[in-house]
Every structure is written in structure tokens, then in C-alpha cells.
Amino acid sequence: MKVASPLRPGSPARRGALVIMALICAVMMIPGTARADNPIVQTIYTADPAPLVHNGRVYLYTGHDEDGSTYFTMKEWRVWSSADMVNWTDHGSPMSVATFSWASADAWAGQTVYRNGRFYWYVPVKDRASGQMAIGVGVSDSPTGPFTDAIGHPLVRNGEIDPTVFIDDDGQAYLYWGNPNLWYVRLNADMISYSGSPTRIPLTTAGFGTRTGDANRPTLYEEGPWVFKRNGLYYNVFAAKCCSEFIGYSTAPGPTGPWTYRGTVMPTQGSSFTNHPGVIDFNGGSYFFYHNGALPGGGGFTRSVAVEKFSYNADGTIPTMTMTTTGAPQVGTLNPYVRQEAETIAWESGVETEPSSEGGMNVGWIENGDYVKVKGVAFGSGATSFAARVASAASGGRIELHLDSVNGSLVGTCTVPGTGGWQTWTTVTCSVNGATGTHDLYLKYTGGSGYLFNVNWWQFTGGTGDGGDTGGNLLANGDMESGTTGWGTFGGTLSSVTGSAHGGSRALSITGRTASWNGITQDVTAKLTNGKSYTTSVWVRSQSGTPSAKATLAVTADGTTNYIQLTPATVVNTGGWTKLTGTATVSWSGTLTGATFYVETASGTDGFTIDDASFQ
Ligand code: FUB
């Protein structure tokens, strides 16, 4: 059993309860069946989610419940990120109680916001001098840290917890926090000081609902406010009624109220007597983060963060959601032809992570049969080889590459040697056969007894080789081997076609065009960086006539749409394929609300076919 395995020299404290849980979990799972993706993180217990969208990724800031906790024993905060809402990269712990020299304990629920090139992480933590909870601010130039104490003392200290920060369209930032009260204060533009005094928001039953059975707390508001604005309406989503908590929300016409209670976002569920909200919009969808006790051994002090996708009702109200083990659907696919961190995980069994001597984190504590699942990997026309960065102070083992389940089709096996140290890294390679199209990838680690080896990163080579899903392509399903997934149209009818592909076996055709701007589209709003230069490549084949195809980017910011030509207009040779290429700088002023990559024609309405599109 894992629990009986010897500790490696210099290893962090053993995972104890989590190991047992992983075993129970593995026993409960039927090999070969699709695995749920909630909770998001299985390597440790996480709590108090605070998501932030930045440059096409979701950064998720959480607390960390220590194994076997019988109180909110939390020493550090953790960061995770994802570009697709299902595969989450572990960035470790860039901030802890020790970051704040004046703090003694309790790394509780915070939120990170971005302003003027810096990331500000507001957290409740215990002030050593007073013994009271206070709000500290960490700051970093990177979303993944490291974070330092921005001011060297508490920003506010009134014994209350759970800060959320909201920056209004006019640039005014507000800090809200509180349990049992609800406070706000206007932050200055430096984000680390404030003007005026903290103000108590009136907790009226009209504003925050009616609680029964607790004379001291007549309203439902308990803690964990999450304030944001959508379509001119201000939302405060919060943990309601103790205990157990549910998630409720209120809305207001302005950032300071008056608030009106609107109902339940998520009822009491999930084996944890607390819950905690985080709400974002990402890549055209809306997402609700929360926590529960869903991992084996989970409960009120051993919590796990999970996520659901949702749509606002037409009147702006939030639907009531229940916890699922399925989680959010994947946004696009994962590109195996660029370096992927071994700690990018949709689901795992048996492994842990730790800081790597090569930077970032690595997967470790690997024993025979452990695995990491990476969801929706777009192999396109076929991978030919696999490389992994590995280290082993023992005698290594094997990385087996299985598709769609832990014992699914085996497409490659890499042998890992002993390297003389758990952080003595070497790169191993092996050939790959049968990895085409899009699949869940299971990296199954096998070998003898005890800990086998560590993995820092991996990467496949091969693929379509020209356009398609290679080298950092921002387009999902760029090789079109996954049918119409990720693609749409401006007018006309889209279909996935076989028998005439440029690479692989599938391409996309548009028919029924009634205007030259009708074309094949993909939303790339969440993927663009302002001012960046992008190179585009797409193969086009006419079905009939001689349409002059071109790739265009429609960029909408502050209500204005600009059309950026990505490739020069090129006459497509009838009956053959023509490659359109170009490099263009993509920039906009104001707030980006939409960006669509599309292939249209300079004139005419004839149908056409495209394949192997790349935008990077
Ligand atoms: O995680 C510690 C505390 O539990 C948080 O600050 C509260 O929101 C509750 O989730």
C-alpha cells in the first residue's frame, strides 16, 4: 500500500489521508469508464475559490486545507490555471502566512485582481499583535507570483474576513468583506490604500433575505462576498445562512447598493458546512466556482474546489445550480505538440506535485499504476513520437500512453531510467502509433515498488506538420479532424467533409453563402493579447468558381468592430489547395468584448473548403 511506502529523503510530509482516499477512489472507479472532472484538484484539498481571467487563461486562487484538519487549518494559498476549464496546471504556493511578517495563522478566503500590470491578492489572515483577523494585500507582476506583502501591515483590521475587490468601469475600486457584518471601502488607484472609512452595508432582509432561528443574524448574509457587475447591474454572490451554508445573491443599481435579495445560486449540498462563491465570464461562457467535501475523506475542513458552467437568465438573474461531478465542458482542445506541464491535470490517481528544480512544479510521488488524465488532446493526423522530462533517484519505470481510459488503447511506452536524483532531469523519447484525432490522454506510470520517478513536462511530435494543431495554435481543432468542433459560420452552412482533406481525413466546407463575408468562424476573444503580432496559415480549396479567400479577424472593443486582414487576398486555384499566410499586429482600444477569426472571400458567394488552419 502507498501508505507503507518509505519516505523519500527530503520529501514533504506524506499525504497520509489523501493516499488512502486515492486508493479508495481507485477501487471505486471502474477502469475504462470516463472520469468526472469535479473537484478540479485531487492532489490536495482546496477551498475558497477565486477565479481571475487574464490573457486567455483562467487563474484560480484557492486556500489549502491541510490533510486531516479538524479546523480551518490553512497555512498557504495556491494557484492553478487553465485555458480550457478542464485541464488545470498547478502553479504551487506563491503566497503563505509567512509572506506577511505581521500574521500568525489562517490563510483564509481571498481574491486576486489585476490592475496596471500588477496582481493584487487580498486575503484574510490572523494579525499576531491583536489576535484578530485582518485583511492583507499581496502583490506580484505575475498571476502565478511569487507575491510579496504590498504594505507590510494590514490594509484593514476589524476582526472580519473574506475580502472581494471590484473595479468599476470608472476606475473606482471597492473592497468588500465581512462576517458577521458586510463592509466596503473605496480603494485608491494604487490598490493598497483607501479613502474614507470602512462603511457597514445595512444588512436588511430586503437586501439579503430573511434568516430564521438566529436572533443575532436576521438576514441570510453570512460571509464570502463576491461582487461584480454585468450589463450595468451589480451582483453580490455570498455564502448564506450558517450552518450548513448555501450560496445566495443580491443585486443593486450601484456598487454601494441598495441591495435586493434575489435568491439561491446553489443550495446546501456537498458534505462541507461552508461554501464559497467565485463567478467569471470566460471564452463566451459563465462559470460558477464553489467548494464542497467531495474528495474521499472530504468534509468541512477538508474541502475541494469545483466549477459549473451556467447561463444567466434573460432578465439577468442567476439560475440555481446543483453540484455535479461532471464539471464544466472543455473549451477547445489541448495541443500535445507544444510543451505541456506534467502537472496539467484533468484528473489523477495517486500522484502529488512539488516544486521542480527546473522551475514550476513537477509530478512526483509516482507509484506503480498511478496516472494523470489530460482531457481532449488534439492529435490531429497523428503523433509519431513522445518526449518527457523525467528524474528518478530509484530505477525509474515506464510512462504508458493510453487513449480514452487508463487501460485504453496503448499508443506508446517510454522507458524512464534512474537518473541519480529526484531532481536530476533527463529527456526520454519513444515512438507513438495510433494517436490521431482528439482523445483523453492517460499517462499511466508503471514499474516496480516504491516511488518510481518524477515528470516535469511532456510533448508529442508529428501531427499535421503544416498548419493544423501544431506549435501554439490558438485555434481549437485547427486541423479539423474533430469535425465542426470549435467552428461556426457567419451565414451559410458548415459541414465536416471527408475524402478531400488537405491533411488527415477531414476538412470543413461552407455552402449556401449569400454574401462574400459569409465564412467559417472561430471565437478567439479570450485568446488575444493586445498589440501582439500573429501569424496565420490556412489551406483553402474552392468547391466551385474561383472565390478569393482571405482570413480576417473581427475585433470588437468598446462597441466598435474593426476588421484586421490576417492574410493577403489570394486567388484559390480551382480544384486544388492554396495556402493563405500572413502576419498581422492585432490591437484594439478599450475593453475587448469579441474577436472572431474567419475565412471569407473578397467577392462572390461560391462555397469553399478549408483545412489545417493555424493562428499563433
Ligand atoms: O476557509 C476559511 C473560511 O471558511 C473562509 O474564509 C470562509 O469563507 C469559509 O469558507
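In each ligand, atom 1 is the first atom listed, and ligand 1 is the first ligand listed. Heavy atoms only: backbone and side chains are in, while hydrogens, waters and symmetry mates are out.
Judged by the 6.0 Å and 45° rule, R115 forms no cation-pi pair with Y120.
Ranking protein heavy atoms by distance to atom 9 (C) of ligand 1, first place goes to E223 OE2, 3.5 Å. For atom 4 (O) of ligand 1, the nearest non-hydrogen atom of the protein is R303 NH1, 3.2 Å. D162 OD2, 3.3 Å is the protein heavy atom nearest to atom 7 (C) of ligand 1. For atom 10 (O) of ligand 1, the closest non-hydrogen atom on the protein side is D48 OD1, 2.7 Å.
Contact annotation: for A109 versus ligand 1, heavy atoms closer than 4.0 Å belong to both the backbone and the side chain.
Identified under the side chain to side chain donor-acceptor pair (under 3.5 Å) test for residues 277-288, with sequence neighbours left out: D281-S286.
Ligand 1 places these atoms under 4.0 Å from at least one heavy atom of H291: 10 (O). Counting the atoms of ligand 1 from 1 in the order shown, those under 4.0 Å from a heavy atom of M74 are 1 (O), 2 (C).
Between D127 and R157, at least one side-chain nitrogen of the basic residue sits less than 4.0 Å from a carboxylate oxygen of the acidic one, meeting the salt-bridge criterion.
Not a single donor-acceptor pair under 3.5 Å links the side chain of E341 to the backbone N or O of D90.
Remark: R200 CZ is loosely packed, at most 12 non-hydrogen atoms of other residues, nucleotides or ligands lying under 6.0 Å away.
Considering backbone and side-chain atoms together, N275 places no N or O closer than 3.5 Å to any N or O of ligand 1.
Considering only residues two or more places apart in sequence or on other chains, H54 meets the ring-ring contact (aromatic ring centres under 6.0 Å, His included) condition with Y114, F119.
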